[in-house]
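Working notes for the structure below.
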Amino acid sequence: MEGVQPLDESVGNTLRSRCQRNKLLLVALVAQGLGLFLCLTLICLYRSAPQVQYPSIQSIRIQFNGKYWCEKKFFRVIPEKAETMKVENSSIIINCDGFYLISLKGYFSQEVNVSLYFRKGHNPISIQSTNKKVNFITVVSLAFKDKVYLDLSAHNTSCLPVNGGELILIHQNPGGFCAH
């Protein structure tokens with residue numbers, strides 16, 4: 001019989017193939033063990049790493065309506081959870097350095113000139129109303145202790161009736177210097 005191998009040779013081949021298969025299984029088991037060890041190590045490192053806390057975004061939304069501009073307490077703060085800025089003496093106090101988006105919308109009983117002040121010693125931003133309304137958006141660089149406030153003026157009147165409006169400030173690049 002030509003196709004049949006002697007018994008001694010086939011047993012040797014079987015042992016050799018078993019040894020090779022056992023070696024391959026051992027290598028695969030070691031690789032899986034190392035992978036599991038690395039995975040568990042990464043999970044432990046992730047859980048033990050301190051969580052980065054980003055500073056809250058400084059923002060405020062203020063409404064003004066139904067009052068005369070000649071009164072001192074002009075701003076009414078809309079309570080929102082996101083508000084992190086304060087109003088003192090009708091001025092918004094800046095606590096964090098950076099760029100701020102300023103949006104001003106207002107409706108008045110006559111044409112007005114609005115001056116937006118934001119830093120001592122700097123000229124204010126002048127805004128002219130059109131058709132008895134103001135719609136203005138800008139970005140300015142503000143620093144700690146700056147105060148943002150408005151001044152309204154109109155021809156031939158000292159007390160200006162305000163129909164309604166809002167002033168919004170939003171800090172655009174949190175993470176810089178902040179004092180609370």
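The residues of the chain are indexed from 1 along the displayed sequence.
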Any heavy-atom pair between the side chains of F118 and I125 that's under 4.5 Å? yes

Quick one: which residue pairs count as a salt bridge (Lys or Arg N to Asp or Glu O under 4.0 Å) with a foot in residues 24-43, not counting sequence neighbours? none

Students should find that the hydrophobic cluster of L40, defined by side-chain heavy atoms under 4.5 Å apart, otherwise consists of L36

Atom pair CD1/OG of I168 and S103 - distance to nearest 0.5 Å: 5.0 Å

Begin from the C-alpha positions of I102 and V140 and carry the test side chain to side chain contact (heavy atoms under 4.5 Å, CB included) through to its verdict. CA-CA 8 Å; I102 299 177; V140 295; 3.5 Å; yes

Nearest 0.5 Å, what's the CG-OH distance between L167 and Y149? 13.5 Å

Yes or no on side chain to side chain contact (heavy atoms under 4.5 Å, CB included) for L101 and I137, after CA distance, side-chain angles and deciding distance? CA-CA 7 Å; L101 175 94; I137 296 177; 3.8 Å; yes

To the nearest 0.5 Å, how far apart are NE2 in H171 and OG in S59? 11.0 Å

Could you measure the distance from the OG atom of S91 to the NZ atom of K86? Nearest 0.5 Å is fine. 14.5 Å

Is it possible for you to say whether L150 and Y107 belong to one hydrophobic cluster, with membership spreading through side-chain heavy-atom contacts below 4.5 Å? no

Who passes side-chain hydrogen bond (donor to acceptor under 3.5 Å, both in side chains) against N135, sequence neighbours left out? none

Using side chain to side chain contact (heavy atoms under 4.5 Å, CB included) as the criterion, list what pairs up with L42, not counting sequence neighbours. none

Less than 4.5 Å apart, any side-chain heavy atom of I60 and any of I170? no

Hey, what do you get for CZ (F108) to CG (N113), rounding to the nearest 0.5 Å? 10.5 Å

Pairs in or reaching into residues 97-115: which pass salt bridge (Lys or Arg N to Asp or Glu O under 4.0 Å), with residues at least two apart or in two chains? none

Side chains of I92 and I62 in contact at under 4.5 Å (non-hydrogen atoms): yes

Approximate separation, where rounding is to 0.5 Å, of Y100 OH and N173 CG: 8.5 Å

Enumerate the salt bridge (Lys or Arg N to Asp or Glu O under 4.0 Å) contacts for residues 116-144, please, sequence neighbours excluded, ordered by first and then second residue. R119-D146

Check the pair L169, V148 against side chain to side chain contact (heavy atoms under 4.5 Å, CB included), reporting the backbone distance first and the verdict last. CA-CA 9 Å; L169 267 76; V148 176; 3.8 Å; yes

List the steps, then state whether side chain to side chain contact (heavy atoms under 4.5 Å, CB included) holds for I127 with L104. CA-CA 10 Å; I127 307 160; L104 173 64; 3.8 Å; yes

Taken in chain and number order and not counting sequence neighbours, the residues that satisfy side chain to side chain contact (heavy atoms under 4.5 Å, CB included) with I93 are E88, N95, K147

In this structure, would L29 and L24 fall into the same cluster of hydrophobic residues linked by side-chain contacts under 4.5 Å? no

Connected to F37, directly or through other members, by ILVMFWY side-chain contacts below 4.5 Å are none

Side chain to side chain contact (heavy atoms under 4.5 Å, CB included) partners for S141, two or more places apart: F99

